[in-house]
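Down below is the structure, laid out as structure tokens.
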Amino acid sequence: MAKEKKKPADRVTDAASLEVLTRADEAGVSTVFSRADAQSPHCTFGTQGLCCRLCHMGPCRITPKAPLGVCGADADTIVARNFLREVAGGAAAHCDHGRRLVLLLRDAAQGKAGSYVIKDERALRRAAREYDIEEEGRDAPAVALDLANRFLTEFTSQEQALATLRLAPVTRQNVWDAHDIKPAGIDRMVVECLHRTHMGVDHDYRNLLMHAFRTALADGWGGSRVATIVSDILFGTPSPVRSSANLGVLGADTVNVVVHGHEPALSEMLAVASSDPEVLDYAKAAGASGVTLAGICCTANEILVRHGIPVAGNFLQQELAILTGAVEMMITDVQCCMPSLPEVAAAYHTQVVSTSDIARTIGAEHATFDDEHALESAKALLRKAIDNYARRDRRKMAIPDHQRPLVAGFSVDAIKYMLGGRFRASFRPLNDAIMQGRIKGVVGIVGCSNPNSKLEEYTNALTEELIARNVLVVKTGCAAIASAKEGRLTPEAALAQAGAGLKEVCEAVGMPPVLHMGSCVDNSRILEAATEVVAEGGLGDDLSAVPAVGVAPEWMSEKAVTIGCYFVASGIDVILGHPFHIEGSEKVVKFLNEETAGLFGASFHVAEDSQKAADTIMRLLDARREKLGINRAQERKMLDMKDRRALEV
Ligand code: SF4
Ligand code: MSK
């Protein structure tokens, strides 16, 4: 029986989305929300992971009466195979994004990438040293070429473990060795997922799940980390920047261009082109007061953290942006761009333009993006959007008057700088604050929004609860945008809600209690930060000792499954707002939610509401604090060197 149709107020929390969705519902426009209603209730074979369509003797569905597929596969095998394929999908998406950037770095190093140049030479040289590439006395392009070629072997290596794994604490690398889950080349890992899950290959659910962790590591400590490193080299390492978020960033009198997806290459050039005097003159000649470039999803996060370009919204707002009637062009690249966009745009003047040859949509115009002439391509797209401005029908236009200010751009470098200043950049003050109990721990809230739950309700309630309980919150992806829209990414707003200890530390170092660290691939920055905490000393010698937890409250994509797996394999517990599609196998559930704790020192936990999540998180943080012997009230004083040495003994 179909569920009762939800009202807009049951689906979204923020005023801008509520306003636009109410109009859409009244007009009978199909959106992700109405389609979610139409798809409910979801097939239980699918949600439990019990449907197998891996060969044409099937599809097979496991029931008490038919506990085996035609080939004899049982629920455990089928559930584990489906899970592994999800991890492969997530890793492939992140890593292919990384590969594209590595190829761009290679081309830029050879002067073949037009306007793309090495923007952050410091980041380049640091990365070169990390990968044992000689950099002293050598020109940046020569170093960049060697580094790009080194990165390419991370994709192609057949037997050699990924070099990037060496960026993890040695103790963690030893855990991976002990369980034989150090990945070789990224491409090989993903191919092996497909091979293992082909009919008649790997039937041992444990063996399949261990390969899921191996493949996920190839993402988090491979493709995603490489993507972040290369983005910083080519586009600059983020540092705190002010901007604003929500649909109200669209201009009533400007040409509005919305970029959407994940890859930063084209959007980086659009950011440059959008302030080009020639483009602005062209816009004025068309009767507009300028050009507003804004973003959706992680392309938004990429240009937000580097240029302060405003955020129009997150995943569930992509159609709502078009429904404002004020968007001249939506430019998509890869991942999270709904195929419904051209259909929604059909009732308006909005042009939907796809730019990646691997991501086309029926009804969208396609403009293949050419790296070598990127700036020209970006300007051409903006001119096309400007030409479209005259077609905007102001009777259909309704931009919600809601946007909130924000501060974003907390790379690990930026956090270090905030904590220690330019000359003593260090994580020491954070470690000290955690040891003294002023900060209870660090929680990464990441991932998407999902129409199966009320937009951002869980994410925002949890964030509020955690900072009140003296937990420093770091964020990426659409979860970061949720906080931005709520105004919780400004130091002023968040400090007012922070607990006394967290507030004291944040005020002392001038840092907000909720830190926007970037896009989905930038979850690698969270791992990097946790590694810095370990290296700084006093909080154990492994990531599994650090009082830190990851949370994906409203996740929806395969990438989130992969991210969860590499967090757990890294020794960081993960809370899920809703379970994986694995509940058809008790053994798989037990393995992922319990047995991994014995293997990696961390596991998955499901908490279907924010209060339960907050309680679970505090319990997990407390357990780690107890183990470290720091779970007691300490005198609030800054440690001197003598104290620190004593603590490290
Ligand atoms: Fe059915 Fe086995 Fe084929 Fe899957 S692989 S569809 S369980 S016969
Ligand atoms: S964009 S993967 S909806 S976070 Fe990275 Fe948002 Fe999830 Fe896409």
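Numbers here are sequence positions counted from 1. For the numbers below, each heavy atom of this structure counts, side chains included, while hydrogens, waters and symmetry mates do not. Read the numbers this way: they start at 1 and go in the same order the structure lists the ligands and their atoms.
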(request) Looking only at protein heavy atoms, identify the closest one to atom 8 (Fe) of ligand 2 and say how far it is in Å. (result) Cys336 SG, 2.3 Å
(message) Which of the numbered atoms in ligand 2 are under 4.0 angstrom from any heavy atom belonging to Gly447?
(response) 4 (S)
(request) Report yes or no: does His581 contribute a side-chain atom to a donor-acceptor pair with the main-chain N or O of Val79 at less than 3.5 Å? (result) no
(request) Identify, by atom number and element, the atoms of ligand 2 in contact range of Phe315, meaning under 4.0 Å from any of its heavy atoms. (result) 3 (S)
(message) Closer than 4.0 Å to some heavy atom of Met556 - which atoms of ligand 2 meet that?
(response) 3 (S)
(request) Run through the protein N/O/S atoms less than 2.8 Å from atom 4 (Fe) of ligand 1 and write them out by chain and number. (result) Cys52 SG
(message) I want to check something: taking the side chain as every heavy atom from C-beta on, are Cys298 and His97 in contact at a cut-off of under 4.5 Å?
(response) no
(request) Check each atom of ligand 2 against the heavy atoms of Cys297 and keep those under 4.0 Å away; list them by number with element. (result) 1 (S)
(message) Given Glu456, which partner from the list Arg11, Arg488, Lys485 fulfils the salt bridge (Lys or Arg N to Asp or Glu O under 4.0 Å) test?
(response) Lys485
(request) Confirm or rule out an N/O/S atom of Cys298, from backbone or side chain, lying less than 2.8 Å from atom 8 (Fe) of ligand 2. (result) no
(request) Mark yes or no: Arg61 above the aromatic ring of Phe45, with NZ or CZ under 6.0 Å from the six-membered ring centre and no more than 45 degrees from the axis. (result) yes
(message) Looking only at side-chain N and O atoms, does Thr13 offer a donor or acceptor that is under 3.5 Å from a partner on Asn460?
(response) no
(message) When you measure from the side chain of Thr77 to the backbone of His203, do you find a donor-acceptor pair of N or O atoms at a distance under 3.5 Å?
(response) yes
(request) Considering the heavy atoms of Cys520, write down every atom of ligand 2 situated less than 4.0 Å from one of them. (result) 2 (S), 4 (S), 5 (Fe)
(message) For atom 7 (Fe) of ligand 2, what is the closest protein heavy atom, and at what distance to 0.1 Å?
(response) Cys448 SG, 2.4 Å
(request) Please tell me if the side chains of Thr562 and Val87 come closer than 4.5 Å, counting only heavy atoms from C-beta onward. (result) yes
(request) Please determine, by modelled atom types, if Ser519 and Asp522 share a side-chain donor-acceptor pair under 3.5 angstrom. (result) yes
(request) Could you list which atoms of ligand 2 come closer than 4.0 Å to a heavy atom of Cys478? (result) 1 (S), 3 (S), 4 (S), 6 (Fe)
(message) Just to check, does Gln335 reach to within less than 4.0 Å of ligand 2 when the distance is taken from its heavy atoms?
(response) no
(message) Yes or no: does Ser557 have any heavy atom under 4.0 Å from an atom of ligand 2?
(response) yes
(message) For the aromatic rings, using the six-membered ring if either is Trp, is the centroid distance between Phe315 and Trp555 under 6.0 Å?
(response) no
(message) Could you tell me if the side chain of Asp219 sits less than 4.5 Å from the side chain of Cys95, heavy atoms only?
(response) yes
(request) Please examine the side chains of Asp333 and Ile331, heavy atoms only from C-beta on, and report whether any two atoms are closer than 4.5 Å. (result) no
(message) Tell me if a side-chain donor or acceptor on Ser267 pairs with a main-chain N or O of Leu270 at a distance below 3.5 Å.
(response) no
(message) Only heavy atoms of His262, strictly under 4.0 Å: list the atoms of ligand 2 that pass.
(response) 1 (S), 5 (Fe), 8 (Fe)
